[in-house]
Structure formats: C-alpha cells, structure tokens
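Shown next, in structure tokens, is the structure this report addresses.
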Protein chains: 2
Amino acid sequence: MGDQPVIDPTGPRLVYVQVADHIQGRIRSGDLALGSRLSAERDLAREYGVAYDTIRRATALLRERGLIETVHGRGTFVVAVPPDNGD
Amino acid sequence: MGDQPVIDPTGPRLVYVQVADHIQGRIRSGDLALGSRLSAERDLAREYGVAYDTIRRATALLRERGLIETVHGRGTFVVAVPPDNGD
DNA sequence: CTATATTTGTGCGTATGTATG
DNA sequence: ACATACATACGCACAAATATA
C-alpha cells in the first residue's frame, strides 16, 4: 500500500472519507473478510500515511455505515459486507 | 535516573526520540546486555517520566532499528547491539 | 485445571501546536 | 473565525498472551 498512495490530501474529497471508502472497498473485495480484525487504529494511521485523528474519523464513518464494530481493548472487526452498489 | 532527568520535553528533539536514543546508549554501553529484558513498558514510562504512549513510540523506533524485539505477555528483549558509531 | 500476577496490545478521550483552505 | 489535517504527548480502561503457583 505504501508504494501506491491511495489517499490524496489535495483532492476535493475529505481525507477521512477517502480512507473510509478505501477500507470499505477492501471489505467489499474480501481483502478484509467478515469477522476479521482491522489493524490497530494507530497502525492504520501509519499504513495510510494519515493522522490518528483522521483514522478515528474514518472508522466512525464506517461504524455509522454498519460495516464495522469496535470493542474497547480488542480491536475493530468487520460485521457486514456492503453491496456492490454500496457507493 | 530519577534525580538527573535525561529527557528534556522543551528541547528541539522529540521526547520519544530522546528516550529511544537513551535506551540505545544503554544497550551500546552494555548496561542492557544482549538477550536481556527491558523494564516493562509502563515501568519505563515511570522511570523516564513520560507517557506510555511515548514509550510505545520509542520502542517502535528501536524495533525498526533492529535492536529490540517484543513478545506479547513476556516483554521486550535486546536482540542486537549497535556499533559505537551508530549515532 | 484454575487462579493470579505480570506484561504487552488496543481503544477512548483529551490537549497542545502547526499548517492549510 | 472556522474546519480539516497532521504530529506529538498525556492519562486511563479493557483485553489478550505469558508465566507461575
């Protein structure tokens, strides 16, 4: 992921929305399977090259979309797969 | 260590880098021998007078430098000694 | 096998400072 | 003035892995 930056800070779309959409794409594609755990939030921040604050916003968005659930002390897990026309 | 503070929060160098460099110096000097275990992360935080988060950053840096390895539930161990001109 | 203690892993909330649009 | 975004730093709570009694 690091070689092909997925996030464009200069683009019109908000960075945290870009991150959320990208994670959603990984869930839809099966890269992040149902029930699997996402990387730790601080690790996601490093992987995407964004700030921790931005990851918090992105996961909050995915939680609102019902795709993930977060358990204090355990991590964040995929609980639903969006339909192909989910965007 | 407590009487002579090693860390300067007001200095130009980042706190977690100061901590990492100081631990690296202890490894280089033999104070922390090859294979030995570091203090628990939360104890290190107390000893250095910094936050746990800062210790996590410092150890992450030393892990990247290949000097230490961490095992969940066991601790953090010295796996390499930097050369004298390592800085 | 159960229970406890130790240690790391993770998340949650907050604060400060800088920079940009 | 305001929102977004980045980076660092602090403190706390809950969970998991490991070792030992």
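The figures here come from the full heavy-atom set of this structure, side chains too, leaving out hydrogens, waters and symmetry mates. Order of the sequence lines fixes the chain letters, A, B, ..., with proteins taken first and strands second; residue numbering starts at 1 for each chain.
Spacing between atom CG of A:Leu44 and atom C1' of D:dA7 amounts to 17 Å, rounded to whole angstrom units. Between B:Glu47 atom CD and C:dT7 atom P the separation is 11 Å, expressed in whole Å. For the pair B:Ile7 CD1 and D:dT8 P, the computed distance is 15 Å after rounding to whole Å. For A:Phe77 and C:dG11, the CZ to C1' distance is 11 Å, given to the nearest whole Å. The CZ-C1' distance, from B:Arg46 to C:dT7, rounds to 14 Å in whole Å. B:Ile68 has its CD1 atom 16 Å from the P atom of C:dT7, to the nearest Å. Atom CG in B:Leu61 sits about 10 Å away from atom P in D:dT8, given to the nearest Å. B:Arg57 has its CZ atom 10 Å from the P atom of D:dC10, to the nearest Å.
Annotation: side-chain hydrogen bond (donor to acceptor under 3.5 Å, both in side chains) contacts of A:Arg63 (sequence neighbours excluded): A:Thr70. Qualifying salt bridge (charged side-chain N to carboxylate O under 4.0 Å, His left out) partners for A:Glu64, counting only residues two or more places apart in sequence or in other chains: none. Under the salt bridge (charged side-chain N to carboxylate O under 4.0 Å, His left out) criterion, A:Arg56 pairs with A:Glu41, sequence neighbours left out. Listed by chain and residue number, B:Glu47 satisfy the side-chain hydrogen bond (donor to acceptor under 3.5 Å, both in side chains) test with B:Ser39 (two or more places apart in sequence, or in another chain). Among residues two or more places apart in sequence or in another chain, the salt bridge (charged side-chain N to carboxylate O under 4.0 Å, His left out) test is passed with A:Asp53 by A:Arg57.
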Interface polar pairs with nucleotides 12-19 of chain C, N/O, under 3.5 angstrom:
residue : atom : partner : partner atom : Å
C:dC12  : OP2  : A:Glu41 : OE2          : 3.0
C:dC12  : N4   : A:Arg42 : NH2          : 2.6
C:dG13  : OP2  : A:Arg56 : NH2          : 3.2

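A:Arg74 has no side-chain polar atom (N or O) that falls below the 4.0 Å cut-off from OP1 or OP2 of C:dG11. For D:dC10, the OP1/OP2 oxygens have a side-chain nitrogen or oxygen of B:Thr54 closer than 4.0 Å.
For A:Thr59 (side chain) and A:Ile55 (main-chain N/O), a donor-acceptor pair under 3.5 Å exists by modelled atom type.
When each of A:Gly73 and A:Asp53 is assigned the nucleotide of DNA chain D bearing its nearest heavy atom, the one mapping closer to the 5' terminus is A:Asp53.
Taking the C1' atoms of five terminal pairs at each end of the helix from C:dT2-D:dA21 to C:dG21-D:dC2, the two resulting helix axes are inclined by 20°, rounded to 10°.
Side chain of B:Arg37, nearest nucleotide from D:dA9, C:dT7, D:dA5: C:dT7. Checking D:dC6, D:dA9, C:dT10 against the side-chain heavy atoms of A:Ala51 singles out D:dC6 as nearest. Considering only side-chain atoms of B:Leu14, the nucleotide from D:dT8, C:dT10, D:dA5 that sits closest is D:dT8.
Counting only residues at least two apart or in different chains, salt bridge (Lys or Arg N to Asp or Glu O under 4.0 Å) contacts with residues 5-14 of chain B comprise B:Arg13-B:Asp21.
In this structure, A:Arg37 places its CZ atom where more than 12 heavy-atom neighbours from other residues, nucleotides or ligands lie under 6.0 Å away.
Listed by chain and number, the hydrophobic cluster partners of B:Leu14 are B:Tyr16, B:Val17, B:Leu61, where partners are ILVMFWY side chains within reach of under 4.5 Å, directly or through others.
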